[in-house]
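Note that the structure is predicted; figures quoted are calculated from it, not measured. Counting convention: from 1, in listed order, for ligands and their atoms alike.
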Amino acid sequence: MKSFTYERAKTPAAAAAAVAGTQGARFLAGGTNLLDLMKLEIETPTHLVDIQDLGLDRIEQTDEGGLRIGALVTNTKLASDARVRRDYGVLTKAIVAGASGQLRNKATTAGNLLQRTRCPYFYDTNQACNKRRPGSGCAAVGGVSRQLGVIGTSEACIATYPGDMAVALRVLDATVETVDAEGNERRIPVGEFHRLPGETPHIDTVLKRGELITAVTLPKPLGGTHHYHKVRDRASYAFALVSVAAVIHDDGSGRVAFGGVAPRPWRVEAAEAELPQGAQPVATLAFADARPTEQNRFKIELAQRTLEGVMLDARA
Ligand code: SF4
């Protein structure tokens with residue numbers, strides 16, 4: 001690991017200013033992804049700004065009837081909150097499907113959103129990777145791509161966003177709240193938070209340098225039944241080949257987002273109108289622009305079948 005300096009910020013704006021003003025600085029929250037990346041020298045920050053003293057660890061009711069989740073609320077605390085379990089069950093189910101209990105105890109809401117891809121070539125510093133080293137190429141194109149993306153990808157990168165929590169947040173239409181170094185606050189719909197790779201896959205999100213996530217806000221509850229089905233190569237502690245987050249109402253209408261298939265949680269609102277007709281027309285529309293590789297073409301049918309399973313559960 002490369003050497004670095006360290007400080008503990010006292011306010012969100014001070015933390016944002018410290019990262020914005022220091023070339024190569026990074027925020028440190030739970031550290032469950034960043035420290036792994038530092039050990040492998042994929043991330044080599046010059047300075048870490050620890051944000052654990054900022055008091056962003058509460059879940060509060062909003063005036064609109066939703067919840068405001070502090071950026072530092074741990075995954076365990078969020079998944080077990082009685083209000084979340086009762087009104088936003090898809091979120092609890094998605095979080096519990098991710099990582100291990102030990103990691104969820106430490107991982108934070110903001111950090112979960114910011115976790116980086118698990119493309120194997122991203123983690124192998126001997127391989128070409130445009131996300132790790134811009135302009136170096138992409139070893140996954142023409143390489144082993146079974147786990148990688150089928151839609152929203154580009155010639156420069158076919159990686160997926162790996163998380164579960166954000167797929168549920170996408171179905172719930174959550175909003176990400178931030179503050180920058182000048183103290184300006186911003187509200188970003190979670191559907192606009194993760195970027196598609198295009199020619200610049202090294203930029204994962206729309207955050208500016210030094211812009212700090214302070215909270216994630218959920219709108220008022222949607223009702224319906226909440227589902228998160230995750231298909232993976234082993235029963236726990238593995239990333240999704242395909243996942244489906246859904247809220248389904250009694251009349252068959254609802255919302256659905258897919259994980260493990262794209263560089264961000266994949267939701268196509270126009271496809272949701274087909275939910276009462278069944279999974280096949282939803283998947284057909286949602287994956288109409290898919291560009292799978294020979295190795296991961298199976299994900300499209302798997303996504304449809306996983307959604308069929310969700311709809312069976314909802315009817316039951
Ligand atoms: Fe890197 Fe993306 Fe290619 Fe993986 S798919 S090697 S993350 S550029």
Side-chain angles (χ1 to χ4, degrees), residues 1-2 24 26-27 31-45 98-99 103 107 111-167 170 190-207 209 230-234 237-243 257-267 286-287 289-300 302-303:
M1 190 187 287
K2 302 255 196 233
R26 294 276 192 285
F27 298 116
T32 57
N33 192 206
L34 179 62
L35 296 192
D36 280 349
L37 294 169
M38 288 172 65
K39 288 178 198 168
L40 294 167
E41 297 190 359
I42 295 164
E43 293 268 7
T44 53
L103 284 167
N112 195 323
L113 278 174
L114 292 171
Q115 65 181 296
R116 306 210 68 191
T117 186
R118 263 60 176 195
C119 170
Y121 300 104
F122 177 73
Y123 283 82
D124 183 346
T125 52
N126 294 310
Q127 301 285 345
C129 173
N130 287 321
K131 190 181 277 296
R132 176 170 29 78
R133 194 149 55 86
S136 63
C138 173
V141 174
V144 177
S145 57
R146 180 174 175 275
Q147 289 273 355
L148 302 181
V150 298
I151 196 163
T153 54
S154 70
E155 298 293 320
C157 180
I158 59 171
T160 57
Y161 169 78
D164 297 290
M165 184 192 80
V167 187
R170 183 70 181 92
V190 76
E192 298 169 16
F193 183 78
H194 294 102
R195 289 180 70 255
L196 296 182
E199 293 300 309
T200 52
H202 58 292
I203 306 170
D204 288 346
T205 72
V206 297
L207 292 178
R209 190 169 125 200
K230 180 175 179 179
V231 182
R232 47 190 157 174
D233 283 333
R234 61 183 182 217
Y237 202 33
F239 292 92
L241 284 169
V242 164
S243 67
F258 298 91
V261 294
R264 63 184 180 205
W266 196 254
R267 180 177 170 201
F287 292 95
D289 297 326
R291 294 196 318 164
T293 68
E294 283 307 311
Q295 293 173 24
N296 67 17
R297 189 174 299 280
F298 72 95
K299 283 191 175 193
I300 298 170
L302 186 58

Does atom OH (Tyr237) have a neighbourhood of more than 12 heavy atoms from anything else shown, all under 6.0 Å?
no
Going by the atom numbers of ligand 1, which of them fall below 4.0 Å from some non-hydrogen atom of Tyr121?
6 (S)
Starting from atom 2 (Fe) of ligand 1, find the nearest protein heavy-atom neighbour and note its residue, name and distance.
Cys157 SG, 2.4 Å
Nearest-contact summary for atom 1 (Fe) of ligand 1 - protein heavy atom, Å
Cys129 SG, 2.3 Å
Please report which non-hydrogen protein atom sits nearest to atom 5 (S) of ligand 1, along with the residue it belongs to and the distance in Å to one decimal place.
Ile158 N, 3.2 Å
May I ask you to decide whether Glu155 forms a salt bridge with Arg291, counting only side-chain N to carboxylate O separations under 4.0 Å?
yes
With a heavy-atom distance limit of 4.0 Å, tell me whether Ala156 approaches ligand 1 through its side chain, its backbone, both, or neither.
backbone
Could you check whether any side-chain N or O of Arg118 sits under 3.5 Å from a backbone N or O of Phe239, counting only pairs where one atom can act as donor and the other as acceptor?
no
Any donor-acceptor pair under 3.5 Å from Thr153 side chain to Ile158 backbone
no
Judged by atom type as modelled, is there a donor-acceptor pair below 3.5 Å linking the side chain of Arg264 to the main-chain atoms of His194?
yes
Confirm or rule out an N/O/S atom of Cys138, from backbone or side chain, lying less than 2.8 Å from atom 2 (Fe) of ligand 1.
no
List ligand 1 atoms under 4.0 Å from Cys119, heavy atoms only on the residue side.
4 (Fe), 5 (S), 6 (S), 7 (S)
Using 4.0 Å as the upper bound for N to carboxylate O, is an ion pair formed by Asp233 and Arg146?
yes
